[in-house]
Amino acid sequence: MFLTYVLIAIVVLVLIFVKMAIVIIPQSETKIIERLGKYFATLKPGINIIVPFVDHAKEIVAVSRGRYTYTNTIDLREQVYDFDRQNVITKDNIQMEINALLYFQIVDPFKAVYEINNLPNAIEKLTQTTLRNIIGEMELDQTLTSRDTINTKLRGVLDDATDKWGVKVNRVELQDIIPPQSVLQAMEKQMQAERDKRATILTSEGNKQAQILKSEGEKAATINRAEADKQQAILRAEGEATARIRKAEAEAQAIDRITAAVGKSSNPANYLLAKNYIQMMEQVASGDKAKTVFLPYEASNLMGSIGGIKELFKGE
């Protein structure tokens, strides 16, 4: 019985020893093995053999659920650190709160373990101080509109500084930039003033354009009316000229006929003059009331012409 118990104990110890000697590492993870306090190996994914009680995994600090914890497994995947809000001061002495997201990856586990004591805390403090320095070189307006610039500068500084620790910083993102409440109110008033200014400018531009279009319309209408009046005057003048020409032609034809009728020995002008004079006298004498007409002395010559015409018609 005693030998049986001893044999069972030996088997159990062997199983425990084998279990401790075999270390299975998942993909994208690793462990740093120290032998008697000195670096021995970096385990690769898969099955690894170590010497129990002689070899042990080095513990490092990690962040789990917002808290620092100790673990002997190093995660080689890209990790995200969400830092708490911190106060920063801009170049124009405006205090604001900023929080950032940091995406990094451990590329050299040996450096991450032996070159820095507390890697997450070191990255966090380095990010905070670097962010304060970058924001301190920028004014408020530039800070609010230059997130990409801040992210690029911050990533470059962190990547250079953490290279010694075997860490690669892939991306930095600013989540929130929160100015003081007084600054937010001032910015809101400024934005409202800018909106009112743009609205006033657009209204004035619209009125200006409307007045320009109205004046151009009135100008075009005036020009069209002037052109119409011009064409009307031209047509009226042409009509009057044509009428006068026709009248003159008619009178010329009448004179020719009178000349042919009275003969060449008589002056046809006297005939026409006497005819018009008689028509005028008829108009003067027409009316209900009796009228007295005074003839000038020079009218005796005209009356002589009328008498000549009378004799002429008697001869015919």
Side-chain angles (χ1 to χ4, degrees), residues 28-30 59-195:
S28 300
E29 293 183 1
T30 187
E59 290 186 345
I60 63 171
V61 180
V63 177
S64 178
R65 297 180 181 179
R67 295 181 179 182
Y68 292 122
T69 59
Y70 285 92
T71 178
N72 57 11
T73 301
I74 301 175
D75 195 342
L76 300 179
R77 295 172 298 178
E78 187 174 19
Q79 303 178 49
V80 181
Y81 276 2
D82 186 1
F83 301 112
D84 295 332
R85 293 178 181 176
Q86 58 176 323
N87 294 325
V88 295
I89 300 177
T90 61
K91 186 177 180 180
D92 48 355
N93 296 324
I94 302 297
Q95 185 175 358
M96 63 176 62
E97 292 183 349
I98 294 181
N99 66 327
L101 286 176
L102 180 65
Y103 297 81
F104 73 94
Q105 186 176 8
I106 297 176
V107 294
D108 191 337
F110 179 85
K111 292 182 179 180
V113 172
Y114 292 105
E115 294 294 336
I116 187 69
N117 181 26
N118 190 334
L119 180 62
N121 185 55
I123 293 177
E124 180 179 0
K125 299 303 180 185
L126 180 62
T127 302
Q128 292 176 352
T129 55
T130 305
L131 187 57
R132 288 193 183 100
N133 292 335
I134 294 175
I135 299 299
E137 297 175 353
M138 306 173 68
E139 296 183 352
L140 175 62
D141 295 339
Q142 188 179 3
T143 302
L144 297 176
T145 58
S146 304
R147 290 199 178 198
D148 292 338
T149 302
I150 297 173
N151 294 338
T152 302
K153 289 183 178 180
L154 187 58
R155 191 197 67 81
V157 174
L158 293 178
D159 193 29
D160 293 338
T162 57
D163 184 66
K164 180 183 177 182
W165 305 336
V167 174
K168 174 67 176 177
V169 177
N170 296 324
R171 189 166 66 254
V172 179
E173 296 290 342
L174 297 182
Q175 281 188 295
D176 298 317
I177 300 178
I178 305 176
Q181 190 65 29
S182 59
V183 175
L184 290 176
Q185 293 177 356
M187 292 173 60
E188 184 176 356
K189 292 180 180 179
Q190 181 181 2
M191 292 175 61
Q192 185 63 38
E194 289 291 335
R195 294 192 190 98

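Scope of the values below: all heavy atoms of this structure, side chains included, with no hydrogens, waters or symmetry mates. Since this is a predicted model, take the numbers as computed values, not measurements.
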Pairwise side-chain contact, [X] with [Y], heavy-atom cut-off 4.5 Å (strictly under):
X      : Y      : value
Met138 : Thr90  : no
Lys168 : Asn170 : yes
Val61  : Asn121 : no

Is a donor on one side and an acceptor on the other found under 3.5 Å between the side chain of [X] and the backbone of [Y]?
X      : Y      : answer
Arg147 : Gln175 : yes
Arg77  : Ser28  : no
Asn99  : Asp176 : yes
Thr129 : Leu126 : yes

Show me the donor-acceptor pairs within less than 3.5 Å that the side chains of residues 103-114 make with the rest of the protein, sequence neighbours left out.
from	atom 1	to	atom 2	distance (Å)
Gln105	NE2	Leu76	O	3.0
Asp108	OD1	Phe110	N	3.2
Tyr114	OH	Glu34	OE2	2.7

Residues that Arg195 engages under salt bridge (charged side-chain N to carboxylate O under 4.0 Å, His left out), provided they are two or more places apart: none
Pairwise distance CZ(Arg132) to CD(Gln86) - rounded to 0.5 angstrom: 4.5 Å
Listed partners of Asn133 passing side chain to side chain donor-acceptor pair (under 3.5 Å), at least two apart: none
CG/Asn87: more than 12 non-hydrogen atoms of other groups inside 6.0 Å: yes
Heavy atoms from other residues, nucleotides or ligands near CG of Asp84 exceed 12 (cutoff 6.0 Å): no
